[in-house]
Number of protein chains: 2
Amino acid sequence: VSENGEPPTAAVHELDRELGELGVVTDPVDLVRYCEPFRGRAGTTSAVLRPASIEQVRAVVAWARRHRVRLLPQGAVTGLVGASTPPPERGEQPSVVVSLERLDDEPVVDPVDRTAIVTAGTRLSRLNEAAAGHGLALPIDLGADPAIGGMAATNTGGARMLRHGDMRRHVLGLRAVIADEECTVVDDLSTLRKHNVGPSPSHWFVGSGGAFGIITHVALQLEQLPTSRACAWLIPTSDDAVLDVLLHLERHHGSWLEAFEVVSAAALDAALSRGSAVHPFGERAAPALSVLVEFTGDGGPGSADGGDAAEEHVVAALEELATEGWIEDGVVVDPTRAWLPRHAVSEGLRQMGTVLGFDVAVPRPALPSFLRRAREVVAQVAPDALVADFGHWGDGGVHCNVVLPGADRLDPELAQRVREAVLGLTVHEVGGSFSAEHGIGPTNADWWLATRPEGVQHLTRQFKAVVDPLGVLGHPGLPY
Amino acid sequence: VSENGEPPTAAVHELDRELGELGVVTDPVDLVRYCEPFRGRAGTTSAVLRPASIEQVRAVVAWARRHRVRLLPQGAVTGLVGASTPPPERGEQPSVVVSLERLDDEPVVDPVDRTAIVTAGTRLSRLNEAAAGHGLALPIDLGADPAIGGMAATNTGGARMLRHGDMRRHVLGLRAVIADEECTVVDDLSTLRKHNVGPSPSHWFVGSGGAFGIITHVALQLEQLPTSRACAWLIPTSDDAVLDVLLHLERHHGSWLEAFEVVSAAALDAALSRGSAVHPFGERAAPALSVLVEFTGDGGPGSADGGDAAEEHVVAALEELATEGWIEDGVVVDPTRAWLPRHAVSEGLRQMGTVLGFDVAVPRPALPSFLRRAREVVAQVAPDALVADFGHWGDGGVHCNVVLPGADRLDPELAQRVREAVLGLTVHEVGGSFSAEHGIGPTNADWWLATRPEGVQHLTRQFKAVVDPLGVLGHPGLPY
């Protein structure tokens, strides 16, 4: 083992024969793309291993055990907490990236069973193309095109979780290689929906972030694509009225409601200032909060294609909400355009300054007061900062963005004070989550250590010792 | 420790002070009801421990460790695989029942959050009464009134899983006591929907059947009660046409479809011969297969209560199915009466002879051929037997009942041959599950050992050693 945290070249090339020419990448130029995260600082690695079969994954794990090299499993590098790419500063233990991108078989979709078996490196878009031919989808909607293995490992949520649930909801079974002495294959891959046969190891790996094993195959339940879809933007009469709107829609149109997104004035202004998205309410100034709702469903009586059913329901709902006094305006917007302002928020904010993004969730009743308090606590530590939140209120999720204007170089101490203020409010004052959907990585490992209950941490470490007794699995910045 | 598999009386009474007068039951008369299963033979126990708090659960676990006594966690004794009550034959290790029935607090329902926190001993009916006041429910529908802790421990499914998923789908978090040296409380109880903070120990306990820890509290996501509901019975033109019906309903009415139950002629005849249920098609002989569908949903445009929306959709669907030639008849039946024939099947079958019940699931495309083959393989080993199946075809689930007529005393060798034939067909020929929804217990532990993959069994036992190193947790008949 070398001294600078990299495995010796000779050790890496032990794998040449087993992984083949395409399986071992060591050319510095080729390594770059495996080291540049979607968000945050790039790292370095001296090698990327690219197994193309479960047998090759086992060979990689056995090699890592022999040389005590840490394996950093990598999907499509779409993660946002620093766990997809090597750390900028190398630790003592040598580590390499294990890219699953060659485990990229065509998804096996069974349209009668409404299920699919997918290899870990296959992208969500490829699965959904294969499924769409049968009117099916894996309805997890997020602003990236992740690999299915990474989605299972990080339990991806997204903007339609209100209706469809998270990745765990769709995983029927999976296959993974753990790093015990035998490099055991835990083969719990099954497309059966009803398969209640005791402990379910598949679900021990969902959300583990690659620290418990390398997922190679995932069996998924697919959902029907709806035949009717409609969107509307609403202006609530107050921020508390947003919850009245949500509850009314759930109680009287719950089977139609697929998304319920709330965007603050600051976030909407940022999105619109880029110019690519049209203001949903025309030329008016952005209201304090705007709500985007999406209805989906099927058929009107006698109509096998859904037609305008969803739009009729949205229109009726808007009238009811106006009559109750909970909205001051509401407009139906074509679904192909409705999400553009919402999706343009992140890019718009980046043009305004340095964005500190906090992916938090709180109990739904606390959402309005949480956001009022967030502005107070941020103002105390950073008076010039702008809180520009948006989020999945139906699930309690908030992207609480704090923009530090004109900050060419971020003051790390200021950033840390803002972070402590926002996450402290979230967790300690409101009982919320410091990581709503992004999962755990180097950027939030300290909060896992500081706030997850002692028994949870203890059991996590005990289980880790079972599946990875030598500590060769997972990003070195993970807290477990 | 006594020699006959029972803990000495003195040891049990060490707990008198910590559990109080109501916490330690040793009167033989009082013990009976903890030993009589819903199905199968009664067992015996010399004591039932009834902790009333998580601290008392920890005291019980610590006591069990000291005396090497096995604890059999018990909810509402509604299980069907022999794991709820002590075994008829005592093993060498002394064991006692731990009833969670005193952990029976009023559920804490948050109607704005649409969540509940429930103690392990609280019954499903009690939760649903509390939730109904807010228009909410835990929509898991089964023919019993289990305890919430037992539902989580066994990952209950039920007849509406097609729409709502199993218990795992609704568990947001839980609290459990494991049997390691510290009797650690794994406190992962949280009502947050978006709480993606790495490994999720809650889901390690779901489905574990009490072998990994004693669940004390469960946080659940509740669902909206639909405002509109309608049912219909259909007669498919062939058994293969049932899948055409299912796919048509999913594709064009998927957002309305809540249940899709299929009943064989033998099962329907048995149900109707009892007289309590009316034939859904009047006086006609039962068709080879009958299908019960339930549609639920919300509102018509302009109508905040759902009214007849579901019925209008069912009527439209029936016309479409008839036009396609997939059904020869279909009748709308009031939802309060529609399920009566389906629910009367089990009692009707019991009056016809000795019922061997097999709770299996197969991939949906295999359902028709599986049932044809089931009749063949049963006829080979038991020519007089009647296969009277019914099941949740939408989820691939089949209750494959085999009735041995006139059998006052069951021939155990014949029963075993029938069992091997049905489960062998299910698992080895069709790739199905030998336990679709009942979970694992003494009655099917042998099939867990024979068919679960080696790596799954290995990892299960390794984890068991972490949470219960002395082997004091769970029914002694479990295979892990």
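Proteins come first, then strands; the chains are lettered A, B, ... in the order of their sequence lines, and each starts at number 1.
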**Asked** Under a 4.5 Å heavy-atom cutoff, which of B:Pro453, B:Ser433, B:Ala465 has the most pairs with chain A?
**Response** B:Ser433
**Prompt:** Among A:Leu247, A:Leu243, A:Val81, who wins on heavy-atom pairs under 4.5 Å with chain B?
**Reply:** A:Leu247
**Message:** Please check: side-chain N/O of A:Lys194 versus main-chain N/O of B:Val362, any donor-acceptor pairing under 3.5 Å?
**Reply:** no
**Message:** Here's a test for you: under side chain to side chain contact (heavy atoms under 4.5 Å, CB included), which of A:Ile440, A:Asn155, A:Asp359, A:Thr156 qualifies with B:Asn196?
**Reply:** A:Asn155
**Asked** By a 4.5 Å heavy-atom criterion (distance strictly below it), what part of B:Glu223 contacts chain A: side chain, backbone, both, or neither?
**Response** neither
**Complete:** Turns out that what part of A:Leu459 lies under 4.5 Å from chain B's heavy atoms comes down to both
**Asked** Does any heavy atom of chain A fall under 4.5 Å from the side chain of B:Asp180, the backbone, both, or neither of them?
**Response** side chain
**Approximate separation, where rounding is to 0.5 Å, of B:Arg169 CZ and A:Arg168 CZ** = 12.0 Å
**Asked** Does any heavy atom of chain B fall under 4.5 Å from the side chain of A:Asp110, the backbone, both, or neither of them?
**Response** side chain
**Item:** Selection from A:Ser208, A:Gly209, A:Gly439, A:Gly254 maximising heavy-atom pairs under 4.5 Å formed with chain B
**Value:** A:Gly439
**Message:** I'd like to verify something: which residue of A:Gln462, A:Lys464, A:Glu250 has the highest number of heavy-atom pairs under 4.5 Å with chain B?
**Reply:** A:Glu250
**Asked** Can you name the side-chain contact (heavy atoms from CB on, under 4.5 Å) partners of B:Asp188, sequence neighbours left out?
**Response** A:Arg452, A:Val456, B:Ser200, B:Pro201, B:Ser202
**Residue part contacting chain A, namely of B:Asp166, when any heavy atom lies under 4.5 Å** = neither
**Plane angle bin for A:Trp204 and B:Phe463 - parallel if under 30°, tilted between 30 and 60°, otherwise perpendicular** = tilted
**Proximal component of B:Arg163, with respect to chain A [non-hydrogen, under 4.5 Å]** = backbone
**Request:** Taking all heavy atoms of B:Pro199 and all of A:Thr460, pick out the closest pair and write down the distance.
**Result:** CG-CG2, 3.8 Å
**Complete:** Whatever's closer than 4.5 Å to a heavy atom in chain A on B:Gln224 counts as side chain
**Item:** Under 4.5 Å from any heavy atom of chain B - which part of A:Ile178
**Value:** side chain
**Request:** Taking side-chain contact (heavy atoms from CB on, under 4.5 Å) as the test, write out the residues that go with B:Glu454, two or more places apart.
**Result:** none
**Asked** If you count heavy-atom pairs under 4.5 Å between each of A:Tyr480, A:Trp448, A:Trp256 and chain B, which one has the most?
**Response** A:Tyr480
**Fill in**
Max heavy-atom pairs within cutoff under 4.5 Å with chain B, candidates A:Met161, A:Arg364, A:Gln457, goes to A:Arg364
**Asked** What part of B:Leu367 gets closer than 4.5 Å to chain A, counting heavy atoms only: side chain, backbone, both or neither?
**Response** neither
**Prompt:** Pick from B:His458, B:Glu182, B:His438, B:His134: which one has the most heavy-atom pairs with chain A under 4.5 Å?
**Reply:** B:His458
**Request:** Against chain A, label B:His195 side chain, backbone, both or neither, depending on which of its atoms sit under 4.5 Å from a heavy atom there.
**Result:** both
**Complete:** Answer key: most heavy-atom pairs under 4.5 Å with chain A among B:Gly432, B:Gly441, B:Ala436, B:Gly431 is B:Ala436
**Item:** Residue selection (most heavy-atom pairs with chain B, distance under 4.5 Å) from A:Asp395, A:Thr451, A:Thr184
**Value:** A:Asp395
**Request:** Could you tell me which portion of B:Val197 (side chain, backbone, both or neither) has an atom closer than 4.5 angstrom to a non-hydrogen atom of chain A?
**Result:** both
**Asked** Which region of B:Val467, side chain (C-beta onward) or backbone (N, CA, C, O), has a non-hydrogen atom less than 4.5 Å from a non-hydrogen atom of chain A, or is it both or neither?
**Response** side chain
**Message:** Quick check on B:Thr115 against chain A: is it the side chain, the backbone, both or neither that has a heavy atom closer than 4.5 Å?
**Reply:** neither
**Selection from B:Leu225, B:Leu192, B:Val206, B:Val360 maximising heavy-atom pairs under 4.5 Å formed with chain A** = B:Leu192
**Fill in**
Only residue of B:Asp298, B:Thr296, B:Thr227 satisfying side chain to side chain contact (heavy atoms under 4.5 Å, CB included) with A:Ser255 is B:Asp298
**Complete:** If one checks every heavy atom of A:His203 against chain B at 4.5 Å, the contacting part turns out to be both
**Asked** Non-hydrogen atoms of chain B under 4.5 Å away: do they reach the side chain of A:Gln221, the backbone, both or neither?
**Response** neither
